[in-house]
Amino acid sequence: MEYNFQSIEQQWKKYWNEKEIYKISNNSDKPKCYILDMFPYPSGAGLHVGHPLGYIASDIYARYKRLKGYNVLHPMGYDAFGLPAEQYALETGQHPAVTTKENITRYREQLDKIGFCYDWSREVRTSDPRYYKWTQWIFLQLFHSWYDRQQQKARPIKELIAIFSAEGNQNILCPEADQPVFNAAAWQSFPAHEQRAILMKYRLAYLSHAEVWWCEGLGTVLANDEVVNGVSERGGFPVVKKKMNQWFLRITEYADRLLGALDTLDWSDAMKEMQRNWIGKSNGAQVRFALANEHAIEVFTTRPDTIFGVDFMVLAPEHELVPAITTREQQEAVTQYQTYVQSRSERERISEVKQVTGCFTGAYAIHPFSGKQIPVWISEYVLAGYGTGAIMAVPAGDDRDHAFAKHFNILVTNIFGDHYNGENAYSDKQGTLTNSDFLNGLEISVASEAAIKAIEEAGIGVRKVNYKLRDAGFSRQRYWGEPFPIIYQDNIPYTIDEPELNIPDDLRTLPVTLPEVDSYRPGPEGQGPLANISEWVDTPAGPRETNTMPGYAGSSWYFLRYMDPHNDTAFAGRAATDYWQQVDLYVGGTEHAVGHLLYSRMWTKVLYDLGHLSFDEPFKKLVNQGMIQGSSRFVYRYKNDRNVFVSQEQRTAFLERNNINTGKQALENNFDKLHVDVSLVDGVALNIEGFKQWKPEFATAQFIPEPDGQYICTAEVEKMSKSKYNVVNPDDIVAQYGADTFRMYEMFLGPIDVSKPWDTKGIEGVHRFLKKLWRLYYDVQQGWQVTNDEPSAEELRSIHKTIKKTGEDIERFAFNTAISQFMICVNELTALNCHKHAVLEPLTILIAPFAPHLAEELWHQLGYETSVLDAVFPAVEETYIAEQSKKYPVAINGKTRAELELPTDTTQEQVEQAVLADATVQKWLEGKALKRIIYVKGRMINIVV
RNA sequence: GCGGAUGUGGUGAAAUUGGUAGACACGCCAGACUUAGGAUCUGGUGCCGCGAGGCUUGGGGGUUCGAGUCCCUCCAUCCGCACCA
């Protein structure tokens, strides 16, 4: 019997299912290991060969850890709320729940074919009310909490109220700038609605009338990380800033902790750096520049040392001070400029970054030290959303300020002496200052500190840390998401668990379930579809919140739910989270660098602060798998006769025959380049008959082939996508070669973190290997081959070398080299004609994480009743690997000149003697003075002359 | 522009600490068995050279007995951020 992967795989899948081999308990004496994949959004397109790459890697690692004696949690679920299902519902009227369920079924079928060891009894779906009950519950915790900056942790809002009642807010700096200080008496005198308005400015989940990204195309607002290059990440629709009443998460309060803890995480530098940049911490000072009238401009600067180089100031065009300070003469120009800025979309602004525009307000600020008059301008290069929305411009030290000064003929004060050449700003942070009063002659780094000190002493500013990170928008005007457990009573939002709310008890319980709707069209005035269902919206106390939560809500804590997925009294029991702790290994793509991964970290920290968890970082180690790209194929269609297809190399000759000028652009001008389905192409040779049948329009196609009769396509690497006809479905690969071959081939392709195009060709090599492995156990003629003979030294050496190497390789995620080692081992054992049980048993265990079905079959053929997954990863016996002697290359000054066989335990002195006794070496050394002999044990010998 | 990474045969790639560069596989070449091969097996395969030998890890320089690996510099490609004060 040849290696029959189809029946083997079918049989063992059934066995695993029936015996519930992968079901994992929260009670075990074994050490725990939590290995997690980023759960997928179940899209309608299904999986292509790129998707399972990370899943296979984590599956191998999970199986390996099991063999190493760990209790391994390795779950899977679905990020089931999301925009595409709702967009689809808008087009077809199909309920998102229905399409989502269908997609999940399809995903599950595809995943099951690959043989993963997921504990499906722990599956989670974010759209399941039993799940989002706890997403809503966490929202309640966020709402009922504030961030204590002194203790650097979230605390219950009750404790804040107690502090306010006792001492007001003078010791509790408000995260929102416009909150005046009050004392205890004042607090108590405030009416209830005013107290609630103040508390809202402290809550970690808060309602605010603030600028958000509005996307008309999607009919909803988006979070910062969902806007890429001025368009929506999904769909690529334009976005605009709009002031709206929206829920936010106060993630900015966690900026410093999110930043600091990055150092403790085992993530790639690229990933950490992305988060650092997104958080964007910068140190500097906030300085107040008084104007001639009663106003003053607050600026943030990272270069307080350059304060004497301030030649002008710039406000963001939207800055609230602009109307107040603009002079009568400049009024018209300023209004005109503001209108111009507003007319420009985010995308235009980004694409024309280098243009210098601006307008003088007519106002002058007074330099706090020199008293100099400083003109105040507005310009779009100053962003309203960063710092204070105003800058002190130092053209001598900043490129943009310099360009602005040159463009508007503003005189530049040189504060850097010879460093500044009048042509370009000097933005280096080294050198001494000139023209700077009390900072003259100081090194820049020293001057910076001196300037901050002077600023603070003069009472015109303070040392300040600034972040780029913004609070995260948490409202979406959509249907297919978690409803908020919020009801508005007298226009004030209350959570449904608050006693102040006058509602019957049955409205107080979670989850607040998503109602059925007739239409997925948006509600009135930019509201979501839920606003249309008055019977759901209206409660005895007032209307419900009609927005839903964003996609990242459910995915910010799902890794916790897997620990205790069926718990109905908590998001996860404390015993479960204490047992499983952090995710030991998280595998997924880089696309979630600043979204999901940041939000998950924040939520974990909040739950930790509030005492619900014993750890405050969710993902200890993160591995990013690369993308598997598609390899597209193209045919060339003649534009003058759309029935004629010309093979790649024949195009120029074809044009010549038709008397067409073959200039530079000729090929592009005369041929359409069409994607052709990769399955219709063998390498680059087109299957002509298949092509004709592919689409009706090609049925009568004519071909101008190469001289050998083949039609040759061109190839390009692109993203794998349906529209490019380059999608390879894992189902097809599994059907043809089996899941085990598919798994191994994806890993054999190269390091998991590198992106590469899919190429089915090389899969034969891996498949051959599995067939070879099979033949170590079975012979087609003679049947079962395994004997109980004593293994030879050579056989033991081969298998133990492999145990050692593959164990190390799996630990460091070098699955490709581990597979290479298997191939070497099987080749060696085949050459030795080894069919011995004592050798094949450990080999079966080693191979099990990679080719679980085959390993299971072989394991039972070896005579075991239990699953190979319950076996123990074999230990390395170093004595079998150690060599008696070794051939050393002998180099003279680094150049190999001879070879010498020496026992492995040879000492330096013995080596020197042996080397000098060697005839070849003696010949090379003639007439040369020997300096020393370097002996690197097990590696090489080098003679220095 | 800033930040991060990568650069090794025809191809995917190995080389864990500086120690025989190119393991393993694809592809290609030759051969065996075959009616046949897109099956299987064996051998060969970095480049130049008949050969001895020489050259070779993006280019240039450096440290070292010895560099793919460390340092400097330049170039190319990919990813992320981008008027962030």
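The chains referred to below are lettered A, B, ... by the order of the sequence lines, with proteins before strands, and numbering in each begins at 1.
In this entry the distance linking CD1 of A:Ile378 with C1' of B:rA85 reads 17 Å, nearest Å. Taking atom CD on A:Gln275 and atom C1' on B:rG80, their separation rounds to 12 Å, with Å as the unit. Atom CG of A:Asp401 is separated from atom P of B:rA85 by 11 Å (rounded to the nearest Å). Distance CD1 (A:Ile763) to P (B:rG38): 20 Å, rounded to an integer number of Å. Atom P of nucleotide B:rC26 and atom CE of A:Met744 are separated by 14 Å, given to the nearest angstrom. Here the P atom of nucleotide B:rC26 and the NZ atom of A:Lys761 are 12 Å apart, to the nearest Å. B:rG1 atom C1' lies 17 Å from atom NE2 of A:His402, rounded to whole Å. Put simply, NE2 on A:His319 is 17 Å from P on B:rA85, counting in whole angstrom units.
For the C1' atoms, the distance linking B:rG37 with B:rG49 amounts to 38 Å, nearest Å. Separating the P atom of B:rA25 from that of B:rU45 is a span of 15 Å, rounded to the nearest Å. Straight-line distance between the P atoms of B:rG10 and B:rG3: roughly 35 Å, to the nearest whole Å. Comparing B:rC50 with B:rU63, their C1' atoms are spaced 41 Å from each other, to the whole Å. Taking atom P on both nucleotides, B:rC74 is separated from B:rC79 by 23 Å, rounded to a whole Å. Only the C1' atoms considered, B:rG22 is 13 Å distant from B:rG12, to the nearest whole Å. Nucleotides B:rA30 and B:rC78, compared at atom C1', are 40 Å apart to the nearest Å. B:rC48 and B:rU35 are spaced 44 Å apart, taking the C1' atom of each and rounding to whole Å.
Proximity of A:Tyr737 to A:Leu770: side-chain heavy atoms (C-beta onward) are nowhere separated by under 4.5 Å. The shortest distance between side-chain heavy atoms of A:Arg743 and A:Phe850 does not fall below 4.5 Å. Between A:Ile391 and A:Asp401, the closest side-chain pair of non-hydrogen atoms falls below 4.5 Å. A 4.5 Å side-chain heavy-atom check between A:Leu843 and A:Cys825 finds at least one atom pair inside the cut-off. Residues A:Val915 and A:Ile943 form a side-chain contact, since some pair of their non-hydrogen atoms from C-beta on lies under 4.5 Å apart. With a 4.5 Å cut-off on side-chain heavy atoms, A:Tyr337 and A:Glu380 count as touching.
B:rA15 makes up no base pair with any nucleotide shown, lacking Watson-Crick or G-U wobble contacts both under 3.5 Å. For B:rG22, there is no paired base (Watson-Crick or G-U wobble, both distances below 3.5 Å). Base pairing analysis places B:rU6 opposite B:rA76; the two distances defining the Watson-Crick or G-U wobble pair are each below 3.5 Å. For B:rG1, the paired nucleotide is B:rC81, the pair qualifying as Watson-Crick or G-U wobble because both relevant distances are below 3.5 Å. Base pairing of B:rU69: no nucleotide in any strand meets the Watson-Crick or G-U wobble criterion (both distances under 3.5 Å). As the counterpart of B:rA30, B:rU42 is assigned, both hydrogen-bonding distances of the Watson-Crick or G-U wobble pattern falling under 3.5 Å.
Within 4.0 Å of A:Lys771, counting heavy atoms only, lie sugar-phosphate atoms of the nucleic acid but no base atom. Within 4.0 Å of A:Arg775, counting heavy atoms only, lie sugar-phosphate atoms of the nucleic acid but no base atom. Nucleic acid contact class of A:Val382 (heavy atoms, under 4.0 Å, all strands): base. Using a 4.0 Å heavy-atom distance criterion, A:Arg768 is classed as a sugar-phosphate-only contact. At a threshold of 4.0 angstrom between heavy atoms, the contacts of A:Asn466 with the nucleic acid are absent. Heavy atoms of A:Asp398 sit nowhere under 4.0 angstrom from any nucleic acid atom. Residue A:Asp399 is out of contact with every strand shown, counting any heavy-atom pair closer than 4.0 Å.
Heavy-atom nearest nucleotides on RNA chain B were determined for A:Met823 and for A:Pro751, and the one closer to the 5' end corresponds to A:Pro751. Between A:Leu749 and A:Lys772, the one whose closest nucleotide on RNA chain B sits nearer the 5' end is A:Leu749.
An OP1 or OP2 oxygen of B:rC79 is reached within less than 4.0 angstrom by no side-chain nitrogen or oxygen of A:Asn624. In this model, the phosphate group of B:rA85 is not approached by any side-chain N or O of A:Arg303 to a distance below 4.0 Å at OP1 or OP2.
For the residue pair A:Lys772 / A:Asn827, a side-chain donor-acceptor distance below 3.5 Å is found, with atom types taken as modelled. Inspection of the A:Thr741 and A:Tyr3 side chains reveals no N or O donor paired with an N or O acceptor under 3.5 Å. No donor-acceptor contact under 3.5 angstrom links the side chains of A:Thr388 and A:Glu298, judged on distance only.
When the nucleotides B:rG3, B:rC83, B:rA25 are ranked by their closest atom to the side chain of A:Glu273, B:rG3 comes out on top. Minimum atom distance to the side chain of A:Val754 is reached by B:rA13, of the listed B:rC65, B:rA13, B:rC24. Side-chain proximity of A:Leu383 to the nucleotides B:rA85, B:rA5, B:rC65 is greatest for B:rA85. Comparing B:rA25, B:rA14, B:rC65 by their closest approach to the side chain of A:Asn816 singles out B:rA14.
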Polar atom pairs between nucleotides 15-21 of chain B and protein, under 3.5 Å, N or O only, would you list them?
| unit_1 | atom_1 | unit_2 | atom_2 | d |
| --- | --- | --- | --- | --- |
| B:rA15 | OP1 | A:Arg812 | NH1 | 3.4 |
| B:rA15 | OP1 | A:Arg812 | NH2 | 2.9 |
| B:rU16 | N3 | A:Glu808 | OE1 | 3.2 |
| B:rU16 | O4 | A:Glu808 | OE1 | 3.1 |
| B:rU17 | O4 | A:Arg939 | NH2 | 3.3 |
| B:rG19 | N2 | A:Asn942 | ND2 | 3.3 |

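Shown here, B:rG9 is classed syn by the O4'-C1'-N9-C4 or O4'-C1'-N1-C2 angle, which is within 90° of 0.
Between A:His596 and A:His592, the angle of the ring planes goes over 60°, which puts this pair in the perpendicular group of the 30/60° scheme.
Using a 4.0 Å cut-off between charged nitrogen and carboxylate oxygen, A:Lys241 and A:Glu318 do not count as a salt-bridge pair.
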